[in-house]
S.K.: 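Can you keep this structure in mind? I'll have questions shortly.
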Amino acid sequence: MKKLILIDGNSIAYRAFFALPLLNNDKGVYTNAVYGFTTMLLKIIQEEKPSHMLVAFDAGKTTFRHKTYEEYKGGRQKTPPELSEQFPLIRELLDAFNIKRFELDNYEADDIIGTLSKEAEKEKWEVKVVSGDKDLLQLVSDYVTVVLTKKGITNVESYDEALIDEKYGIKPNQIIDMKGLMGDSSDNIPGVPGVGEKTALKLLKQFGTIENVLDSVDDVSGKKLKEKLIENKEQALMSKELATIFTEVPYNLTLDELKFGEYDEEKVVSLFKELEFKSLVDQFDTGVSAAEKELEELSFDVVEEVKEEHLATPAAMVVEVLDENYHQADIAGFALVHEKGRYFIPTETALRSDLFVEWAKDETKKKWLLDAKRGVVVLGWKDVLLDGVDFDLLMASYLLDPSHSSHDLSDIATRKGAKSIQADEAVYGKGAKRKVPETGVLAEHLVRKANVIYELKEQMEEELKKNEQFKLFKDLEMPLSVVLGRMETEGVKVDIDQLKAMGEDLASRLAELEKHIHEHAGVSFNINSPKQLGEVLFEKLGLPVIKKTKTGYSTSADVLEKLAEDHEIIRHILHYRQLGKLNSTYIEGLVKVTHKDTSKIHTRFNQALTQTGRLSSTDPNLQNIPIRLEEGRKIRKAFIPSEEGWKILAADYSQIELRVLAHIAQDEKLITAFKEDMDIHTKTAMDVFHVSEEDVTSMMRRSAKAVNFGIVYGISDYGLSQSLGITRKEAAKFIERYLASYPNVAEYMERIIEEARENGYVSTLLNRRRYLPELTSRNFNQRSFAERTAMNTPIQGTAADIIKKAMVEMALRLEEANLKSRLLLQVHDELIFEVPPEEVDKMMKIVPEVMENAVELAVPLKVDISAGDTWYDAK
DNA sequence: GCATCATGCAA
DNA sequence: TATTGCATGATGC
């Protein structure tokens with residue numbers, strides 16, 4: 001049996017809009033109505049399993065009803081813009097679901113629905129009408145049910161004849177008479193003044209229709225009522241007419257065209273992703289169904305032996321590695337797409353082919369990839385040099401908008417309007433189930449990927465040029481990815497025996513501490529469990545609760561420090577935590593990822609992740625090796641040069657972020673301070689506390705340092721108060737005095753927010769961008785966060801630009817000068833090298849020179865550098 | 001097996 | 001209710 005669902009699009013969108021808080025996605029697009037609409041739609045599809053569907057919308061402002069009554073729907077509130085802007089998204093959603101939508105000039109959604117429900121009724125189809133508008137109840141029949149939203153959006157009630165009778169005591173076709181009598185303020189239908197629902201129903205039960213009421217008006221009880229009815233006779237009849245749904249709308253659809261069933265799940269999921277409907281993505285994105293859907297045909301050849309014709313330039317290239325960690329990983333296969341054809345090349349076929357290997361290392365043969373570093377490194381491990389990388393889609397996508405959490409090819413393809421392809425996860429599975437599929441599936445997927453890269457290259461470069469980001473892309477990030485690839489492949493040598501020895505020492509001390517703590521507590525428990533620890537401290541020992549987390553008591557270090565006086569156990573716990581951290585994260589963690597044969601660690605630098613342009617490091621993270629406390633700093637003793645007699649050399653920018661601030665804000669006082677190479681925190685203390693250099697106490701310097709940090713982060717009085725342990729008022733006073741001392745900084749902070757609001761984004765020195773749609777959010781927290789980000793990102797991002805430029809330049813210099821020294825690591829404002837002894841002096845000169853001259857600012861850049869036998873000693 | 005939380009390490 | 005990150009163990013589904 002056929003089942004048709006007819007949805008009143010406008011009505012449901014309105015309901016959803018007002019039922020849900022104003023959500024928006026990271027682009028600042030409001031999504032609450034779309035979200036409500038979607039959940040309702042999914043619920044209907046799931047529960048009703050319709051064979052046919054249609055969503056009707058109101059078309060223009062005027063309809064045939066306005067001819068009858070000019071004031072129809074007059075005095076209505078204008079649709080809020082926050083809602084209007086969501087209608088195109090709702091249409092997009094329906095298209096993705098392959099659900100027919102329909103609107104027609106001169107008619108309302110009601111009329112379309114009425115017409116089609118009558119039509120379907122004739123064919124004896126089951127019909128469900130979904131709306132928030134009671135008017136639709138007039139359509140109810142043996143075949144037609146009307147589903148009305150009750151409260152919220154998915155809470156609904158289904159009306160059949162019985163329920164209408166129960167609620168109102170009338171038949172569905174009497175709804176219009178009811179409306180005629182009582183009117184409808186929301187549509188500005190007048191009805192009969194003084195007649196409400198109660199009176200209307202009473203009259204209808206007695207007389208049946210408005211016409212009968214008016215004909216037999218003498219039998220109506222109540223003098224006043226009778227007068228009103230006579231007086232408003234025409235108005236009542238007109239009101240009935242207005243409320244009557246017109247069921248003969250001219251339409252050029254057949255019922256068959258409303259068929260619902262097949263739709264592009266990937267399209268739906270990518271739309272959900274764009275809208276940030278995370279919970280809905282999870283419902284869909286199981287990957288199984290997406291894998292079954294049909295894609296446009298694409299022809300390609302499987303290469304059995306590499307020949308000239310398979311290798312052209314330029315070529316889009318896919319080097320597929322399923323492991324997230326590409327170091328020493330297996331290559332699943334290759335794909336090449338160029339003007340001569342599309343090819344899948346099995347791994348062995350490619351690697352044993354001299355032709356292929358020569359082509360790969362020929363820099364005149366241009367290659368276009370997604371995540372070039374990944375390709376370069378994985379081939380590097382197979383002793384195949386990949387050169388001539390001319391375009392990296394990953395970097396392009398990242399630079400155009402770093403906010404996208406995924407730069408997976410299928411996501412980029414969707415965003416950029418290329419041919420849609422399956423997500424890797426859908427083809428390969430995820431987690432433990434991830435595996436190389438059968439060759440046919442793999443081959444096709446890889447060729448499709450290469451095809452999309454080929455298709456998108458020009459467009460992406462155009463977009464970069466339009467944003468004035470092409471230089472950043474081509475001259476900075478692309479060369480940098482090669483440098484990073486080399487750093488990763490080279491790896492850092494560790495003294496594994498020393499690490500293990502430190503681990504044994506820590507383990508025995510931890511056991512001792514654990515014993516003490518359990519004794520003090522009088523009970524044995526897991527100290528690493530915040531839950532158990534909280535119970536022991538705050539329930540068993542009755543210590544005062546300072547702070548709570550959403551799941552229980554907070555036991556963080558700042559809380560425990562406040563309790564240190566109250567109980568001896570606390571300092572043991574703090575010590576246990578400190579050592580436990582070192583042992584699990586830094587000893588055991590590093591031992592786990594150190595290569596058995598070479599004793600080297602190969603991190604991966606993510607070049608397309610942070611919102612500011614910094615790098616990040618994973619597997620392991622070598623950008624957070626301890627340094628502040630001596631105990632942890634010792635870990636650095638285990639990081640050693642990879643060759644006998646070599647040295648570790650560390651060079652870090654001094655106060656790069658505050659220097660960048662001085663430059664951007666063009667603040668004379670700060671610029672002078674840096675030109676004179678003053679201690680910047682002391683200088684700040686002098687200016688904020690109005691004292692001379694000799695009178696700056698260590699306390700004052702400490703406060704000034706915290707204020708400087710705050711300025712860089714986008715200051716808030718609360719944040720500063722937390723960091724200094726003072727009241728918010730005192731913190732606010734500090735900030736005020738700082739901004740009064742550095743008026744150009746104050747001006748910068750205001751200007752950058754204003755600019756960001758106008759442009760929608762902030763930029764760094766080298767034109768890196770970050771979009772900040774939340775600057776216009778009505779949510780205070782969101783907006784404040786965006787404002788701090790607007791202040792911080794140009795600073796942090798420019799600092800990132802500078803060190804990246806220094807790295808590329810440094811790599812060039814090493815090559816030109818034929819030096820053996822190698823760049824190993826970057827830690828945001830410092831570069832770590834390993835250096836043969838005979839090059840130490842040279843490097844101590846070259847490195848600061850390159851770093852300090854990476855860019856020219858209104859202030860000098862300063863680099864501190866030192867060398868030692870281990871990373872620890874390079875201080 | 002996977003996701004989330006609290007915690008703590010770095011610049 | 002300060003910026004950017006990543007890894008850990010515990011916990012719960």
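Labels below follow one simple rule: chain letters A, B, ... track the order of the sequence lines, proteins then strands, and each chain is numbered from 1.
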S.K.: Tell me whether E488(A) is salt-bridged to K373(A), with the criterion being a basic N under 4.0 Å from an acidic carboxylate O.
M.R.: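 Salt bridge between E488(A) and K373(A), a charged N being under 4.0 Å from a carboxylate O: yes.
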S.K.: Can you tell me the distance, in whole Å, between the NZ atom of K705(A) and the P atom of dA11(B)?
M.R.: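 Rounded to whole Å, this separation is 11 Å.
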S.K.: I'd like to know if E561(A) pairs up with R577(A) as an ion pair, taking the criterion as any Lys NZ or Arg NE/NH1/NH2 lying under 4.0 Å from an Asp or Glu carboxylate oxygen.
M.R.: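 No salt bridge links E561(A) with R577(A).
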S.K.: I'd like to know if S716(A) reaches the base of dA2(C) with its side chain, counting only an N/O donor and acceptor under 3.5 Å.
M.R.: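 Checked by distance alone, the answer is no.
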S.K.: In this structure, how many angstroms lie between the P atom of dA10(B) and the CD atom of E657(A), rounded?
M.R.: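 So the CD-P distance, E657(A) to dA10(B), works out to 16 Å.
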S.K.: Near DNA chain B, under 4.0 Å by heavy atom, which residues of residues 610-632 of chain A?
M.R.: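 R614(A), Q623(A), N624(A), I625(A), P626(A), I627(A), R628(A), in order of number.
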S.K.: Short of 4.0 Å, heavy atom to strand atom, which residues of residues 511-518 of chain A count as contacting DNA chain B?
M.R.: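 Residues of residues 511-518 of chain A under 4.0 Å from DNA chain B: none.
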S.K.: Please work out if Q722(A) contacts a base, only the sugar-phosphate, or nothing of the nucleic acid, heavy-atom cut-off 4.0 Å.
M.R.: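 No contact.
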S.K.: Atom CZ of R788(A) to atom C1' of dT4(C): distance rounded to whole Å?
M.R.: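 Nearest whole value for this atom pair: 13 Å.
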S.K.: Just to confirm, is there a sub-4.0 Å distance from OP1 or OP2 of dG1(B) to any side-chain nitrogen or oxygen of K433(A)?
M.R.: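 It does not, given that no N or O in the side chain of K433(A) lies less than 4.0 Å from OP1 or OP2 of dG1(B).
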S.K.: Would you tell me whether D401(A) and Y771(A) have side-chain atoms, one donor and one acceptor, within less than 3.5 Å of each other?
M.R.: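 Result is no, nothing qualifies.
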S.K.: Quick check on dC5(B): is either OP1 or OP2 less than 4.0 Å from any side-chain nitrogen or oxygen of T551(A)?
M.R.: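 No, no such contact exists.
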S.K.: Can you name the ring pair (Phe, Tyr, Trp, His ring centres under 6.0 Å) partners of H575(A), sequence neighbours left out?
M.R.: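 Residues passing ring pair (Phe, Tyr, Trp, His ring centres under 6.0 Å) with H575(A): none at all.
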S.K.: Can you identify which nucleotide, out of dG12(C), dT7(B), dA11(B), has its nearest atom closest to the K531(A) side chain?
M.R.: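 Of the options given, the side chain of K531(A) lies nearest dG12(C).
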S.K.: Check this for me: does any side-chain nitrogen of one of E631(A) and R509(A) sit under 4.0 Å from a carboxylate oxygen of the other?
M.R.: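 Yes, charged N to carboxylate O under 4.0 Å.
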S.K.: Does the separation of the ring centres of Y738(A) and Y742(A) fall below 6.0 angstrom?
M.R.: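 Aromatic pair counts; centres sit under 6.0 Å.
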S.K.: Please figure out whether D717(A) or H828(A) has its closest DNA chain C nucleotide nearer the 5' end.
M.R.: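 Closer to the 5' end of DNA chain C: D717(A).
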S.K.: I want to check one thing: is the phosphate of dA11(B), taken as OP1 and OP2, less than 4.0 Å away from some side-chain N or O of Q826(A)?
M.R.: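 So the side-chain polar atoms of Q826(A) never come under 4.0 Å of the phosphate oxygens OP1 or OP2 of dA11(B).
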S.K.: How long is the line joining CZ of R577(A) and C1' of dA7(C), in whole Å?
M.R.: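 Distance, rounded to whole Å: 15 Å.
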S.K.: Classify A706(A) by what it touches in the nucleic acid, base, sugar-phosphate, or nothing, heavy-atom distance under 4.0 Å.
M.R.: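 Base contact.
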S.K.: Report yes or no: do D801(A) and T798(A) form a side-chain donor-acceptor pair below 3.5 Å?
M.R.: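 There is no such pair between these side chains.
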S.K.: The side chain of I715(A) lies closest to which of these nucleotides: dA2(C), dC2(B), dT11(C)?
M.R.: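 Nearest nucleotide to the side chain: dA2(C).
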S.K.: NA contact type, A799(A), heavy-atom cut-off 4.0 Å: base, sugar-phosphate, or nothing?
M.R.: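 If one applies the 4.0 Å heavy-atom cut-off, A799(A) turns out to touch nothing in the nucleic acid.
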S.K.: Pick base, sugar-phosphate or nothing for T555(A), based on heavy-atom distances below 4.0 Å to the nucleic acid.
M.R.: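 The answer is sugar-phosphate, as T555(A) gets under 4.0 Å only of primed atoms, P, OP1 or OP2.
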S.K.: Without decimals, in angstroms, what is the distance between F525(A) CZ and dA10(C) C1'?
M.R.: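 Between C1' of dA10(C) and CZ of F525(A): 14 Å.
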S.K.: What is the distance from CG of D558(A) to P of dG8(B), rounded to the nearest Å?
M.R.: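 Interatomic distance, CG of D558(A) to P of dG8(B): 8 Å.
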S.K.: Would you give the length of the straight line joining atom OG of S481(A) to atom CD of Q607(A), rounded to the nearest 0.5 angstrom?
M.R.: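 Here the interatomic distance stands at 5.0 Å.
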S.K.: Can a salt bridge be assigned to the pair K733(A) and E730(A) using a cut-off of 4.0 Å between side-chain N and carboxylate O?
M.R.: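 Salt bridge absent between K733(A) and E730(A).
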S.K.: Given dA10(C), is OP1 or OP2 found less than 4.0 Å from the side-chain N or O atoms of N526(A)?
M.R.: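 Answer yes for this pair, as a side-chain N or O of N526(A) is under 4.0 Å from OP1 or OP2.
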S.K.: Quick one about D558(A) and S556(A) (side-chain donor to acceptor, distance below 3.5 Å, no hydrogens or angles considered), yes or no?
M.R.: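 There is such a pair (donor and acceptor under 3.5 Å, judged by atom type) between the side chains of S556(A) and D558(A).
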S.K.: With sugar-phosphate meaning primed atoms plus P, OP1 and OP2, does R633(A) contact a base, only sugar-phosphate, or nothing at under 4.0 Å between heavy atoms?
M.R.: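 No contact at all - R633(A) keeps every heavy atom at 4.0 Å or more from the nucleic acid.
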